[in-house]
Amino acid sequence: MNSEEISKLEKAGKIAVETIAYAKSFIKPGMLLIEIAEKIEKKIEELGGKPAFPVNLSINEVAAHSTPLPDSKETAHGLLKVDLGVHIDGYVADTAFSLDLDNSSENKKLISATENALKSACSLVNQKSKIREIGSTIEKEIKSLGFQPIMNLSGHSIEPYNLHAGFTVPNYDNSQEKTLPSGVYAIEPFATNGSGKIRDGKPSSIYAITKSGNVRDSFSRSVLLYIRENYSTLPFCTRWIYKKFGSRCIVALQQIEQVGLIHQYPQLIEINNGKVAQAENTVILLKDRKIITTE
């Protein structure tokens, strides 16, 4: 990784940190989720970045992959996860935090479990750390407060324009003796008062391009071209396309999805509908040092 690449990653991280502080200053119970999402995404752009993916606003048993539709009337409540990403020329900072909007002692405890796990894991991460040790640290911190880590969600490596680049960082001891190579990683603990696994839920309206190709309908082709030019391989959502093309984009996205050119992510739901908290930082791991870009 050269100095220019590191600089872009650090700039993305700085914007993410400022955006989180801004989000925490205004999110209140009862706010429309669409208002929260749009204020966060607008702030990222005002600070000189671009959203690396649609801001995820996931409530209670929804662990991830939830962003408002254009006409959403859903409001903020319960245990709210705010997962946001910033990119500079494809170089990504990925971070998340949770908020207790019910004044619930259990919500607060779940949030503490993920924050403690994240802090311990980030302290441990280096090129000598075994993957199992990082996962074990996260697992122990979460279980120490009486909760379960979500076993089938994990941290991940990040590459330019690729949020999930293939290398996973588990939230439990998975027995892997390998150590982390140099690279960029999202460390991402999830804690739940449920069983510790997630299932697929309803469609999220969050998409990503999966392969090259085209569609017959001319309007759908123009929508697809816009997606490729503006988002490349990073995720996007119905809400963003609606702003450009209006309600006609709904059918266009369906047509593009039907021929397999884009994939729509499902919401991720705790299997016993347990509440879920999340915390996340992005770490650059170099041969001689590490940089936590989102602290």
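Values in this document were obtained by computation on a predicted structure and should not be read as measured data.
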Asks: With a 4.5 Å cut-off on side-chain heavy atoms, are Tyr242 and Ser247 touching?
Replies: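 Yes, close enough: below the 4.5 Å cut-off.
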
Asks: Verify, without hydrogens or angle tests, whether Ser222 (side chain) and Phe219 (backbone) share a donor-acceptor contact under 3.5 angstrom.
Replies: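 A pair under 3.5 Å: yes.
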
Asks: Going by heavy atoms in the side chains, are Glu188 and Leu153 under 4.5 Å from each other?
Replies: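 They are not in contact (no side-chain heavy atoms under 4.5 Å apart), so the answer is no.
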
Asks: Under 4.5 Å between any side-chain heavy atoms of Phe26 and Ile36, yes or no?
Replies: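 Phe26 vs Ile36: side chains touch.
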
Asks: Answer yes or no: is there a donor N or O on one side and an acceptor on the other, between the side chain of Asn174 and the main chain of Gln176, under 3.5 Å?
Replies: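 Yes: the side chain of Asn174 pairs with the backbone of Gln176.
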
Asks: When you measure from the side chain of Lys290 to the backbone N and O of Ser123, does any donor-acceptor pair fall under 3.5 Å?
Replies: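 Between the backbone of Ser123 and the side chain of Lys290 there is a qualifying donor-acceptor contact (under 3.5 Å).
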
Asks: Could you tell me which residues satisfy ring pair (Phe, Tyr, Trp, His ring centres under 6.0 Å) with Tyr161, sequence neighbours excluded, listed by chain and number?
Replies: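 Applying ring pair (Phe, Tyr, Trp, His ring centres under 6.0 Å) to Tyr161 gives His87.
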
Asks: Let's go through Ser98 and Leu79 carefully: what are the C-alpha distance in whole Å and the side-chain angles of both, what is the deciding distance for side-chain contact (heavy atoms from CB on, under 4.5 Å) to 0.1 Å, and is it a yes or a no?
Replies: CA-CA 7 Å; Ser98 299; Leu79 180 48; 4.2 Å; yes

Asks: Any chance you could lay out the side-chain contact (heavy atoms from CB on, under 4.5 Å) test for Val169 and Val125, step after step, and finish with the verdict?
Replies: CA-CA 10 Å; Val169 183; Val125 167; over 6 Å; no

Asks: Backbone N or O of Pro189 within a donor-acceptor pair of the Glu280 side chain at under 3.5 Å?
Replies: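 No, because the side chain of Glu280 does not come within donor-acceptor range (under 3.5 Å) of the backbone of Pro189.
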
Asks: Which of these, Lys143, Lys130, Arg132, Lys140, sits in a salt bridge (charged side-chain N to carboxylate O under 4.0 Å, His left out) with Asp173?
Replies: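 Option passing the salt bridge (charged side-chain N to carboxylate O under 4.0 Å, His left out) with Asp173: Arg132.
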
Asks: For Lys39, is the NZ atom crowded, meaning more than 12 foreign heavy atoms sit under 6.0 Å from it?
Replies: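 For Lys39, atom NZ is crowded (more than 12 foreign heavy atoms under 6.0 Å).
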
Asks: Kindly compute the distance separating CZ (Arg248) from CD1 (Ile241), expressed to the nearest 0.5 Å.
Replies: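 Nearest 0.5 Å value for the CZ-CD1 distance: 14.5 Å.
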
Asks: Once you round to the nearest 0.5 Å, how far does NZ of Lys275 lie from CD1 of Ile111?
Replies: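 Lys275 atom NZ to Ile111 atom CD1 measures 10.0 Å (nearest 0.5 Å).
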
Asks: Could you measure the distance from the OH atom of Tyr91 to the OG1 atom of Thr293? Nearest 0.5 Å is fine.
Replies: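 Rounded to the nearest 0.5 Å, the OH-OG1 separation comes to 14.0 Å.
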
Asks: Given 3.5 Å as the limit, does a donor-acceptor pair link the side chain of Thr210 with the main chain of Leu261, or not?
Replies: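 Yes, because the side chain of Thr210 sits within donor-acceptor range (under 3.5 Å) of the backbone of Leu261.
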
Asks: Under a 3.5 Å cutoff, is there a donor and acceptor pairing between the side chains of Ser182 and Gln127?
Replies: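 Side-chain D/A pair, Ser182 to Gln127: present.
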
Asks: Side chains of Phe236 and Leu253: does their closest heavy-atom pair fall under 4.5 Å?
Replies: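 Yes, side chains in contact.
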
Asks: Answer yes or no: is there a donor N or O on one side and an acceptor on the other, between the side chain of Lys81 and the main chain of Ala96, under 3.5 Å?
Replies: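 Judged by distance alone, no pair lies under 3.5 Å.
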
Asks: Output, in order, the C-alpha distance, side-chain angles, deciding distance and verdict of side-chain contact (heavy atoms from CB on, under 4.5 Å) for Lys244 and Asn230.
Replies: CA-CA 11 Å; Lys244 173 68 176 178; Asn230 286 273; over 6 Å; no

Asks: Are any non-hydrogen side-chain atoms of Ile6 and Leu286 less than 4.5 angstrom apart?
Replies: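 With C-beta onward as the side chain, the pair touches.
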
Asks: Which pair of non-hydrogen atoms, one from Ser154 and one from Asn171, has the smallest distance, and what is that distance?
Replies: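 Looks like CA-ND2, 3.8 Å.
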
Asks: Should Val251 and Ile227 be counted in the same cluster of Ile, Leu, Val, Met, Phe, Trp and Tyr side chains packed under 4.5 Å apart?
Replies: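 Val251 does not cluster with Ile227.
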
Asks: Rounded to the nearest 0.5 Å, what separates atom OH in Tyr265 from atom CG in Asp200?
Replies: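 Taking OH in Tyr265 and CG in Asp200, the distance rounds to 12.5 Å.
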
Asks: Verify whether one side chain among Lys108 and Asn103 offers a donor that lies under 3.5 Å from an acceptor in the other.
Replies: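 Yes, a side-chain donor-acceptor pair sits under 3.5 Å.
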
Asks: Is there a path from Ile15 to Val17 through hydrophobic residues (I, L, V, M, F, W, Y) whose side chains come within less than 4.5 Å of each other?
Replies: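 Cluster IDs for Ile15 and Val17 differ.
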
Asks: Is a donor on one side and an acceptor on the other found under 3.5 Å between the side chain of His65 and the backbone of Pro266?
Replies: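 Judged by distance alone, yes, a pair lies under 3.5 Å.
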
Asks: Hey, are the side chains of Val184 and Phe167 touching, using non-hydrogen atoms and a 4.5 Å cut-off?
Replies: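 They are not in contact (no side-chain heavy atoms under 4.5 Å apart), so the answer is no.
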
Asks: Provide the closest heavy-atom pair for Thr238 versus Cys249 in the form atom of the first, atom of the second, distance.
Replies: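 Smallest heavy-atom distance, with atoms named: O-SG, 4.4 Å.
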
Asks: Please lay out, stage by stage, how Gln148 and Glu270 fare under the test side-chain contact (heavy atoms from CB on, under 4.5 Å).
Replies: CA-CA 11 Å; Gln148 294 293 323; Glu270 210 284 326; over 6 Å; no

Asks: With ring centroids as reference points, do Tyr207 and Tyr231 lie under 6.0 angstrom apart?
Replies: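 For Tyr207 and Tyr231, the ring centres are not under 6.0 Å apart.
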
Asks: Examine Phe147 and Ile138 and state if one hydrophobic cluster contains both, with Ile, Leu, Val, Met, Phe, Trp and Tyr joined whenever side-chain heavy atoms are less than 4.5 Å apart.
Replies: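 Yes; tracing contacts between hydrophobic side chains, which count when under 4.5 Å, links both residues.
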
Asks: Are the side chain of Glu45 and the backbone of Lys42 linked by a donor-acceptor contact shorter than 3.5 Å?
Replies: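 Checked: no pair found.
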
Asks: Do Pro29 and His77 come within less than 4.5 Å of each other through their side chains, counting heavy atoms only?
Replies: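 Not in contact.
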
Asks: Got a salt bridge between Glu4 and Lys8, using NZ or NE/NH1/NH2 to carboxylate O under 4.0 Å?
Replies: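 Salt bridge present between Glu4 and Lys8.
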
Asks: According to a hydrophobic-cluster definition based on side-chain heavy atoms being under 4.5 Å apart (Ile, Leu, Val, Met, Phe, Trp, Tyr only), do Ile250 and Leu224 belong together?
Replies: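 They do not share one cluster, since no chain of ILVMFWY contacts under 4.5 Å joins Ile250 to Leu224.
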
Asks: Within the supplied structure, the quantity of interest is the number of heavy atoms (other residues, nucleotides, ligands) at a distance under 6.0 Å from Lys43 NZ; does it exceed 12?
Replies: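 Above 12, so yes.
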
Asks: What are the two closest non-hydrogen atoms of Ile256 and Val215, and how far apart are they?
Replies: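 Reported closest heavy-atom pair: CA-CG1, 4.1 Å.
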
Asks: What distance do His263 atom NE2 and Lys211 atom NZ have between them, rounded to the nearest 0.5 Å?
Replies: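 Going from the NE2 atom of His263 to the NZ atom of Lys211 covers 13.5 Å.
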
Asks: Just checking, is any N or O donor in the side chain of Asp94 or Thr282 under 3.5 Å from an acceptor N or O on the other one?
Replies: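 Thr282 and Asp94 do not have a side-chain donor-acceptor pair below 3.5 Å.
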
Asks: List the atom of Gly166, the atom of Ser157, and the distance in Å for their closest heavy-atom pair.
Replies: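 It is N-OG, 3.6 Å.
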
Asks: Working to the nearest 0.5 angstrom, can you tell me the gap between Gln267 CD and Arg199 CZ?
Replies: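 Going from CD on Gln267 over to CZ on Arg199, the span is 9.5 Å.
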
Asks: So which atom in Ile131 and which in Leu180 form the shortest heavy-atom distance, rounded to 0.1 Å?
Replies: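 Closest approach of Ile131 to Leu180, heavy atoms only: CG1-CD2, 4.2 Å.
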
Asks: Please check this pair: side chain of Asn56 against backbone of Ser58, looking for a donor-acceptor N/O pair closer than 3.5 Å.
Replies: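 Looks like no, no N/O pair under 3.5 Å.
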
Asks: Can you tell if the side chain of Thr19 reaches within under 4.5 Å of the side chain of Ile40, non-hydrogen atoms only?
Replies: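 Heavy-atom side-chain distance check passes, below 4.5 Å.
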
Asks: Using modelled atom types and a 3.5 Å cut-off, is there a donor and acceptor pairing between side-chain atoms of Ser7 and backbone atoms of Ser3?
Replies: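 No, the answer is negative, given that no donor and acceptor are paired below the 3.5 Å cut-off.
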
Asks: Using every non-hydrogen atom in the two residues, find where Ile158 and Leu163 come nearest and quote the distance to one decimal.
Replies: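 Heavy atoms of Ile158 and Leu163 come nearest at CG1-O, 3.5 Å.
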
Asks: Are Trp240 and Val55 connected in the hydrophobic side-chain network, where two residues link if heavy atoms are under 4.5 Å apart?
Replies: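 Not linked; separate clusters.
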
